[in-house]
Protein chains: 2
Amino acid sequence: MLSPVCPAAPRPRNAAATRQAMLEAARRQFARESYENVGLREISREVGVDPALVCRYFGSKEALFREVLRHPDDGNFLAGVSAEGVPDYFAGLLTQAETHDTAAKTEWLLIVLRSAGSSHASQIVRETLHERVLRPVARILGGEGAELRASLVLAVLMGGAVLRTMGVESLECEDSGPLHDKLVELLTAAVR
Amino acid sequence: MLSPVCPAAPRPRNAAATRQAMLEAARRQFARESYENVGLREISREVGVDPALVCRYFGSKEALFREVLRHPDDGNFLAGVSAEGVPDYFAGLLTQAETHDTAAKTEWLLIVLRSAGSSHASQIVRETLHERVLRPVARILGGEGAELRASLVLAVLMGGAVLRTMGVESLECEDSGPLHDKLVELLTAAVR
DNA sequence: CGAGAAAGTCATCGATTGTTGACTTTCGAG
DNA sequence: CTCGAAAGTCAACAATCGATGACTTTCTCG
């Protein structure tokens, strides 16, 4: 009721802010549907802007997707977590969704998973997953068969994330009590 | 060089056979890309038939997808496997891809996973996953938190399947030796 | 043989997609 | 105040999608 005559508040013109809003909208939509299933028009509609603008800012849809995939923390996926801390850390990625950081990372995993089978995005997705997650986790774990154990950790994580989006109630975080414990137990077995 | 003048062997007219060929082609393509990423034209091209025919046989793309999802063994996903046999059985689904039966089931899981985030197919996919896999596995496992443990087993399975399609070498079946053992160990921890 | 049903093809529709160039609006610096 | 660059909008493009109805080809049965 604040502006009864101008329903479309023209929002202040700020290129950096709109660009960031586009990135966040794209990230949220890419985490729910696959690459070619997300339309530039839907992204721009969520931001409240013209579809042509997102193409002008990022060059192409593929470039936008690539930039979405660079987020978060452009460098490494893990923030100084030790080999012993891996189970608890990755279990927390699934159970405690309140933290901004963990939510962004599970969202990133969902984006990777959703577009893993997209003809246009699969190659980008595969490379980034290897370089940004699989290899670092394997390096942290160390020992024999490190890459296999890292793959299993990642499998639990991605499988859990996708099942939660499919409405599997047992994986809803709720109070994060027994679920977290069970996940830690499972991930401990994964890292041997 | 058998028929140098007629490059397009007109293939004998058999409605049931072409229908089956369409189903198999659709199944193979839905296992690699998501629902709206698979075109009726590509399916029909793999069969060697006109795109209009697949629409005439199944009514619509959604009906075709629903019928693909009914396969295999329309009833249950598990063939008389006991609670103790669950880890070895599901590990075998990932490691021994040579068997026709296991290959079809992992393919089915991939189809479910690929289209889990498709606006048109997600609802169909969620229901069938719950009714055909999650609930039966939970019933077999029994005990407290059966649904949670079944979800974890399924998470390992789907995560492993999707990572393998992303070129994670550690999960390639190769000789199925240490991978199978490690998977059994992990799934044993999942079922408690 | 020949008629009729079945199997398959062809052309086409409306809708949607990413992308582009020309246009209009806003706003801060001179 | 004004002018020009930045920010954003508009209209339209080529391509692709699922779907439909009319058409042609093939096969079978009497």
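What you see is a predicted model, and the numbers here were worked out from it, not measured in a lab. Order of the sequence lines fixes the chain letters, A, B, ..., with proteins taken first and strands second; residue numbering starts at 1 for each chain.
Look at CE on B:Met22: it is 9 Å from C1' on C:dG8, rounded to the nearest Å. Taking atom CD of B:Gln29 as the reference point, atom P of D:dG18 lies 11 Å away to the nearest angstrom. Atom CD in B:Glu36 sits roughly 18 Å away from atom C1' in D:dA15 (whole-Å rounding). Atom CD in A:Glu62 sits about 15 Å away from atom C1' in C:dT17, given to the nearest Å. What separates CG of A:Leu53 from P of C:dA22 is a distance of 18 Å, to the nearest Å. Note: CZ (A:Arg41) to C1' (C:dG18) measures 7 Å, nearest angstrom. Atom CG in B:Asn14 sits about 21 Å away from atom P in D:dT25, given to the nearest Å. Rounded to an integer number of Å, the gap from CD of A:Gln20 to C1' of D:dA7 is 17 Å.
The shortest distance between the side-chain N/O atoms of A:Thr18 and the OP1/OP2 oxygens of D:dG8 is below 4.0 Å.
Using a 4.0 Å heavy-atom distance criterion, B:Val47 is classed as making no nucleic acid contact. Within 4.0 Å (heavy atoms only), B:Tyr57 reaches sugar-phosphate atoms of the nucleic acid but no base atom. A:Val38 comes within contact range of the sugar-phosphate backbone alone, with a heavy-atom separation under 4.0 Å but no base atom that close.
Residue order along DNA chain C, read from the 5' end via each residue's closest nucleotide, puts A:Glu42 first among A:Gly59 and A:Glu42.
Between A:Phe30 and A:Tyr35, the ring planes lie parallel to each other; the angle is under 30°, not in the 30° to 60° tilted range.
Each of D:dA7, C:dT19, D:dG8 was ranked by its minimum atom distance to the side chain of A:Ala15; first place goes to D:dA7. The A:Asp50 side chain lies nearest to D:dT9 when the options are C:dG8, D:dT9, D:dA19. Ranking D:dT9, C:dT19, D:dT25 by closeness to the B:Arg13 side chain, first place goes to D:dT25. The side chain of A:Ala52 sits closest to C:dG21 out of C:dT17, C:dG21, C:dG8. The side chain of B:Cys55 lies closest to D:dA19, out of D:dA19, C:dT19, C:dG8. Taking the side chain of B:Leu40 as heavy atoms from C-beta on, and the options D:dA22, D:dG18, C:dT19, the nearest nucleotide is D:dG18.
Of the charged side-chain nitrogens involved, none lies within less than 4.0 Å of a carboxylate oxygen, so that B:Glu24 and B:Arg28 do not count as a salt-bridged pair.
Side-chain contact check for B:Ser118 and B:Glu36: at least one donor-acceptor pair (N or O, by modelled atom type) lies under 3.5 Å. Looking at A:Glu62 and A:Ser60, their side chains never bring a donor and an acceptor atom within 3.5 Å of each other.
In this structure, B:Gln29 contributes its side chain and B:Glu42 its backbone to a donor-acceptor pair below 3.5 Å.
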